[in-house]
> 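What follows is a single structure, and I will ask about it in a moment.
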Amino acid sequence: MACISCSLSRMRLPLLQTHTPISNFTCLTVFPFQSLAISLPKYKVKSVHIPSCSVSSISSTNLEEEEDDDDPTAELVYLDPEIDPESISEWELDFCSRPILDIRGKKLWELLVCDDSLSLQYTKYFPNNLINSITLKDALLSISNDLGLPLPDKIRFFRSQMQTIITRACNELAIKSVPSKRCLSLVLWLEDRYETVYTRHPGFQKGAKPLLALDNPFPMELPENLYGEKWAFVQLPVSAVREEVSNLETRLVFGSSLDLDLLGIEIEDNTLIPGLAVASSRAKPLAAWMNGLEVCSIEADVDKASLILSVGISTRYIYATYKKNPVSTSEAEAWEAAKKACGGLHFLAIQNDLNSDDCVGFWLLLDLPPPPV
């Protein structure tokens, strides 16, 4: 076990060398699960690359099209000509008002649809009196028809207030709607559009608050089937995290990954990524149950000496608690500081034992701030 030599040395977490088995998480402190019933690492996010063009000339780059691209009132219907349409089986969707007033003085609504690589991009403005499941269903069909793109198997969305409309439209098209905050490409795209499109729109209303704010409900007690037996704050170099993620494709491991390159996230290979290792004698069924959730993020609540697990669209669980003392508080604070230093990147690993060489489940997570709209 080696000490951390940078300004995060107070983390009291071990540096796992690259020759150490990447799933062999060790640490200074191991915590039991308790039932409630009883200088920073170098991190940079590149600007999101968002190609765009009109539906009538998807591959052209003439002057007229460039002028359209610079128009904040223009709408996008774009599919990367180099992508296989059949390979896009999951979409991310946002259907919400924007801080823009139309000619009637009413807030404009906008439908945004993309895939996780932004190879698909679709935007369309709507007046506020046309917001219903029929409008949405017709728009989804238009995307498919205009681009020769099959309807997806799943559509993820992150606003609980729109769940009824989105679910109804998806059901009529035999699409599975998935409430989830793992719409990371969509959130990054919204941030980009706020700066490059919405603020330049002639109807932009500076200081307008989002109509549909994201939920942050009080955390609930964790369901019994999601309890582990022991857990620990751990960390891995990003190179080892990438290798662990590759196991999701090559071995029968539960979990979910993120494509850091597609998200525009650059982290040096020796940067330490904080994570949570959970051990259980029933690790495989535990990982299977976790895999049925849209695991979004983990937060260390230092004041309440607990870990908060966010899943789905608006569900938060008290994942574990620990005895509050100077050592545990220091570890929790340092873990959160490391997560922040990595731009919110962290992971959850489930193992049979904390000294095991392998993970049964591995989720790479990114805790992003809510979009500005």
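Just the heavy atoms: all of them, side chains too, but no hydrogens, waters or symmetry mates, feed the values below.
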> What are the two closest non-hydrogen atoms of V360 and V253, and how far apart are they?
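Nearest heavy atoms, V360 then V253: O-CG1, 3.4 Å.
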> Kindly state each residue pair satisfying salt bridge (charged side-chain N to carboxylate O under 4.0 Å, His left out) with at least one member in residues 361-370, sequence neighbours excluded.
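Those involving residues 361-370 are K339-D367.
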> Look only at the side chain of Q121 and the backbone of C114, and say whether a donor-acceptor pair between them is shorter than 3.5 Å.
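The answer is no, because no donor-acceptor pair under 3.5 Å joins these two groups.
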> Can you name the one residue among F254, W363, W289 that meets side-chain contact (heavy atoms from CB on, under 4.5 Å) with I350?
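Result for side-chain contact (heavy atoms from CB on, under 4.5 Å) with I350: W363.
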> For residues L222 and I318, determine if any side-chain heavy atom of one lies less than 4.5 Å from a side-chain heavy atom of the other.
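A side-chain contact is absent here, since even the closest heavy-atom pair is not under 4.5 Å.
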> Would you confirm whether S328, through its side chain, and N325, through its main-chain N or O, come within 3.5 Å as a donor-acceptor pair?
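At least one qualifying donor-acceptor pair exists.
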> Would you compute the distance between atom CD1 of I166 and atom CG of L111 and round it to the nearest 0.5 angstrom?
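Here the rounded value is 8.5 Å.
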> Do other residues, nucleotides or ligands put more than 12 heavy atoms under 6.0 Å from the CG atom of L130?
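Yes.
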> Of the non-hydrogen atoms in N352 and A283, which two are nearest, and what is the gap between them?
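Result for this residue pair: OD1-CB, 3.4 Å.
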> Can you tell me if S356 and D353 form a side-chain donor-acceptor pair at under 3.5 Å?
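There is no such pair between these side chains.
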> Taking the ring of F95 and the ring of F126, is the distance between their centroids below 6.0 Å?
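Ring centres of F95 and F126 closer than 6.0 Å.
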> If we only count heavy atoms from C-beta on, is the P372 to Y194 side-chain gap below 4.5 Å?
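With C-beta onward as the side chain, the pair touches.
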> Do we see a donor-acceptor contact under 3.5 Å between the side chains of E331 and Y322?
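On atom types as modelled, these side chains do not qualify, holding no pair under 3.5 Å.
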> Determine, for E299 against R316, whether the closest basic-nitrogen to carboxylate-oxygen distance falls under 4.0 angstrom.
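Answer for the salt bridge query: yes.
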> Give me the atom names and distance for the closest heavy-atom approach of L79 to P85.
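Looks like CD2-CG, 4.1 Å.
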> CZ/F158 to CG/L93 distance, rounded to the nearest 0.5 angstrom?
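If I round to the nearest 0.5 Å, the distance is 9.5 Å.
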> Kindly determine whether R104 and N129 satisfy side-chain contact (heavy atoms from CB on, under 4.5 Å), including the steps that lead there.
CA-CA 11 Å; R104 303 171 304 144; N129 58 354; 4.1 Å; yes
> Before giving the answer on side chain to side chain donor-acceptor pair (under 3.5 Å), spell out for E75 and Y122 the whole-Å C-alpha distance, their side-chain angles and the decisive distance to 0.1 Å.
CA-CA 8 Å; E75 297 172 336; Y122 178 92; over 6 Å; no
> Which residues satisfy the side chain to side chain donor-acceptor pair (under 3.5 Å) test with D115, sequence neighbours excluded?
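Expected list: S117.
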> Output, in order, the C-alpha distance, side-chain angles, deciding distance and verdict of side-chain contact (heavy atoms from CB on, under 4.5 Å) for D259 and D116.
CA-CA 9 Å; D259 193 318; D116 63 1; over 6 Å; no
> Is there a ring pair (Phe, Tyr, Trp, His ring centres under 6.0 Å) between F362 and F347? Walk through the geometry before answering.
CA-CA 7 Å; F362 190 90; F347 62 85; 5.3 Å; yes
> How close do Q163 and P179 get, heavy atom to heavy atom, and via which atoms?
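Here Q163 and P179 meet closest at NE2-CG, 3.6 Å.
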> Under 6.0 Å from the CZ atom of R282, do we count more than 12 heavy atoms belonging to anything else shown?
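Yes, because the 6.0 Å sphere around CZ of R282 holds more than 12 heavy atoms from other groups.
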> Side-chain contact test, heavy atoms from C-beta onward, threshold under 4.5 Å: evaluate it for E92 versus L112 and give yes or no.
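A side-chain contact under 4.5 Å is absent here.
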> Can you name the residues that form a side chain to side chain donor-acceptor pair (under 3.5 Å) with S280, not counting sequence neighbours?
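S280 satisfies side chain to side chain donor-acceptor pair (under 3.5 Å) with no residue once adjacent residues are dropped.
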> Can you check side-chain contact (heavy atoms from CB on, under 4.5 Å) on L248 and L364, steps first, answer last?
CA-CA 11 Å; L248 296 173; L364 188 56; over 6 Å; no
> Is D94 salt-bridged to R98, cutoff N-O under 4.0 Å?
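Between R98 and D94 there is a salt bridge, with a charged N closer than 4.0 Å to a carboxylate O.
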> So, do W335 and H346 sit near enough that their side-chain heavy atoms are less than 4.5 Å apart?
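Side-chain contact under 4.5 Å: yes.
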> Taking atom NZ of K324 as the centre, does the number of heavy atoms from other residues, nucleotides or ligands within less than 6.0 Å exceed 12?
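Atom NZ in K324 is packed in, count exceeds 12.
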> Treating T135 as the side-chain partner and I131 as the backbone partner, does any N or O pair qualify as donor plus acceptor under 3.5 Å?
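It does not hold such a pair.
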> Distance-only, no hydrogens or angles: does the T167 side chain make a donor-acceptor pair with backbone N or O of T164 under 3.5 Å?
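Checking the backbone N and O of T164 against the side chain of T167, no donor-acceptor pair under 3.5 Å is found.
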> Please step through side-chain contact (heavy atoms from CB on, under 4.5 Å) for the pair F233 and L307, ending with a clear verdict.
CA-CA 11 Å; F233 291 123; L307 305 179; 3.9 Å; yes
> Would you name the heavy atoms of I155 and L140 that are closest together and state the gap between them?
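Between these two residues, the closest heavy atoms are CD1-CD1, 4.0 Å.
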> For L141, does the CG atom sit with more than 12 other heavy atoms under 6.0 Å from it, leaving out its own atoms?
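Counting other residues, nucleotides and ligands, CG of L141 exceeds 12 neighbours.
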> Is there a donor-acceptor pair closer than 3.5 Å between any side-chain N or O of R200 and the backbone N or O of T196?
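Yes: the side chain of R200 pairs with the backbone of T196.
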> Donor-acceptor check, side chain of T199 to backbone of E195, threshold 3.5 angstrom: yes or no?
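Yes: the side chain of T199 pairs with the backbone of E195.
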> Under the 3.5 angstrom rule, does the side chain of S89 hit a backbone N or O of P152 as a donor-acceptor pair?
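No; zero donor-acceptor contacts below 3.5 Å.
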> Which atom pair, heavy atoms only, marks the closest approach of L354 to A232?
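Result for this residue pair: CD1-CB, 4.3 Å.
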> Could you tell me whether R156 and E90 make a salt bridge, using a distance below 4.0 angstrom between a side-chain N and a carboxylate O?
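Result for this pair is yes, salt bridge flagged.
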